[in-house]
Engineer: 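Take this structure first; my questions come after.
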Amino acid sequence: MPLDDFNVIESTLREGEQFVGASFTTEQKVEIAQLLDAFGVECIELTSPLASPKSFEDIKTITKLGLKTKVLTHTRCHMEDAKHAIDSGVDGVDVVIGTSSVLREFSHGKDLEQITAVALEVVDYIRSQGLEVRFSTEDSFRSEKSDLFRVYKAVDAIGVNRVGIADTVGIATPRQVYELVSELREHVRADIEFHGHNDSGCAIANAFEALDAGATHVDTTVLGIGERNGITPLGGLIARLYATDPNSVAKYDLTLLRTIDSTVARFVGVDIPFNNYITGITAFTHKAGIHAKAILNNPETYEILDPHAFGMTRYISIAHRLTGWNAIKNRAEQLGLSIDDAHIKTITAHIKALADEKPLSLDDVDGLLRRWSNGDDA
Ligand code: HCA
Ligand code: CU
């Protein structure tokens, strides 16, 4: 597919609000919406207007910001919800209803006939009001495929804009996602959206497979925040797509990712994880001597993502026992010190021996290099 023609539905202001640490103020929501708009996401999804009076007011505020991105809200597949959603001024409504037997029994209590009937009524109503509408089945991967396709085909026949597949519990594997989306692609003409939770660590791979199989829209949140351990992270999806083809994400302002991640991290009271895609503190850090040497010769040896494309810089860690003389030589050059290779090798051996005794800092290494270049032997 259409890796050259996909859309991000950024749900930090809906799924992300379901993260335990999230309780955004109006000002914070506006800041997040504006950052995501500047980044270039195609759609943002906001919490249901029925969640609270403030949620309703905040949707109205955000729809009046004049953003380029489409503003969507998310509600149950319910006429009352649909009416409120339309009153809030959004461009479109994402509706969802559970189709798995466990949700049918313990959540809304409707059978498939009733689900189909209400889906048709709500989709038709939203369309009649001139808004875009998406119909999604919660917990799609624990639903009977025949049930899913029956409802999807019914709403497709009356002109739904998008159908959504939701891996609500994070159970799906990339292969299952690929197969379900491919089959659905053959049965509906509507756009296809994928929403994947990360309980078993497959959210990015699943979103990528969905796109590869013909999905047109992928849901993300900043840092992946959401219910439990969240969904496909925006930065992680971007990393995956960039690694496949940098052109596929050239439409976004990638240099904003760091500000976006750090802003949302601050608002929800967490740090950016050290190993986060692109913006984690170690994402572009190289350590072993062999890696450092190759990176210094040509960064492509060990980097599939160019840090500069994201406004980030690479860091080569040299003050440890795995260091190599090429990296130490490079550091001497950075410091403007002229030391011949034989001496650099001796200093490197010394650094390794010292690092076996105690943790070293870059200052320790710099001090050693300076002393040797002054003709001092220790
Ligand atoms: C939830 C709902 C949802 C909806 C996804 C969608 C999910 O459980 O809170 O609208 O496609 O994961 O099923 O986020
Ligand atoms: Cu979800």
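In this text the structure is predicted, and so the values were computed from the model without any measurement. Just so you know, ligand 1 is whichever comes first in the structure, and atom 1 is the first atom listed for that ligand.
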Engineer: Just distances here: any N/O of T168 and N/O of ligand 1 closer than 3.5 Å?
Structural biologist: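 Yes; at least one N/O pair falls below 3.5 Å.
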Engineer: Within the 4.0 Å heavy-atom shell around H197, which atoms of ligand 1 are there?
Structural biologist: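 With H197 as reference, the close atoms of ligand 1 come out as 12 (O).
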Engineer: Run through D191, D156, D94 and flag the one making a salt bridge (charged side-chain N to carboxylate O under 4.0 Å, His left out) with R162.
Structural biologist: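 Single salt bridge (charged side-chain N to carboxylate O under 4.0 Å, His left out) partner of R162 among D191, D156, D94: D94.
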Engineer: Name the option, out of E45, R134, E138, that contains the heavy atom nearest to atom 8 (O) of ligand 1.
Structural biologist: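 Among E45, R134, E138, the closest heavy atom to atom 8 (O) of ligand 1 belongs to E138.
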Engineer: What distance separates T75 OG1 from H84 NE2, expressed to the nearest 0.5 Å?
Structural biologist: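 Reported value, rounded in 0.5 Å steps: 11.0 Å.
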Engineer: So which heavy atom in the protein is nearest atom 14 (O) of ligand 1, and how far is it from that ligand atom?
Structural biologist: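 Checking every protein heavy atom, the shortest distance to atom 14 (O) of ligand 1 gives E15 OE1, 2.9 Å.
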Engineer: Can you tell me how far CD of E42 sits from OG1 of T216, rounded to the nearest 0.5 angstrom?
Structural biologist: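 Separation between the atoms: 10.5 Å.
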Engineer: Give the atom numbers and elements of ligand 1 that come within less than 4.0 Å of a heavy atom of V96.
Structural biologist: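 So the atoms of ligand 1 that pass are 10 (O).
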Engineer: Regarding E15, does it place an N, O or S atom less than 2.8 Å from the Cu ion (ligand 2)?
Structural biologist: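 E15 does place an N, O or S atom closer than 2.8 Å to the Cu ion (ligand 2).
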Engineer: Provide the atom name of the closest N, O or S atom of H195 relative to the Cu ion (ligand 2).
Structural biologist: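 It is NE2 of H195.
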Engineer: In sequence, state the C-alpha distance, the side-chain angles, and the governing distance for D363 and S361, and then conclude on side chain to side chain donor-acceptor pair (under 3.5 Å).
Structural biologist: CA-CA 5 Å; D363 279 350; S361 68; 5.0 Å; no
Engineer: Yes or no: does E193 have any heavy atom under 4.0 Å from an atom of ligand 1?
Structural biologist: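 No, E193 has no heavy atoms under 4.0 Å from ligand 1.
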Engineer: Nearest heavy atom to atom 9 (O) of ligand 1 wins, so pick from H74, E227, Q18.
Structural biologist: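 Closest candidate by heavy-atom distance is Q18.
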Engineer: What atoms in ligand 1 come closer than 4.0 Å to a heavy atom of A166?
Structural biologist: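 So the atoms of ligand 1 that pass are 5 (C), 11 (O), 13 (O).
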Engineer: What orientation do H187 and F149 show, parallel under 30°, tilted 30 to 60°, or perpendicular over 60°?
Structural biologist: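 Answer is perpendicular, since the angle exceeds 60°.
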Engineer: Dump the intermediate steps for side chain to side chain donor-acceptor pair (under 3.5 Å) on S146 and E144, then the final yes or no.
Structural biologist: CA-CA 5 Å; S146 53; E144 288 297 325; 4.7 Å; no
Engineer: Quick one: do E303 and R314 make a salt bridge, cutoff under 4.0 Å?
Structural biologist: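 The answer is yes: the pair qualifies as a salt bridge.
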Engineer: Could you check T220 against E10 for side chain to side chain donor-acceptor pair (under 3.5 Å), going step by step and ending with a plain yes or no?
Structural biologist: CA-CA 5 Å; T220 66; E10 228 302 325; 3.0 Å; yes
Engineer: Who's the nearest protein heavy-atom neighbour of atom 11 (O) of ligand 1, and how far?
Structural biologist: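 Of the protein heavy atoms, S136 OG, 2.9 Å lies nearest.
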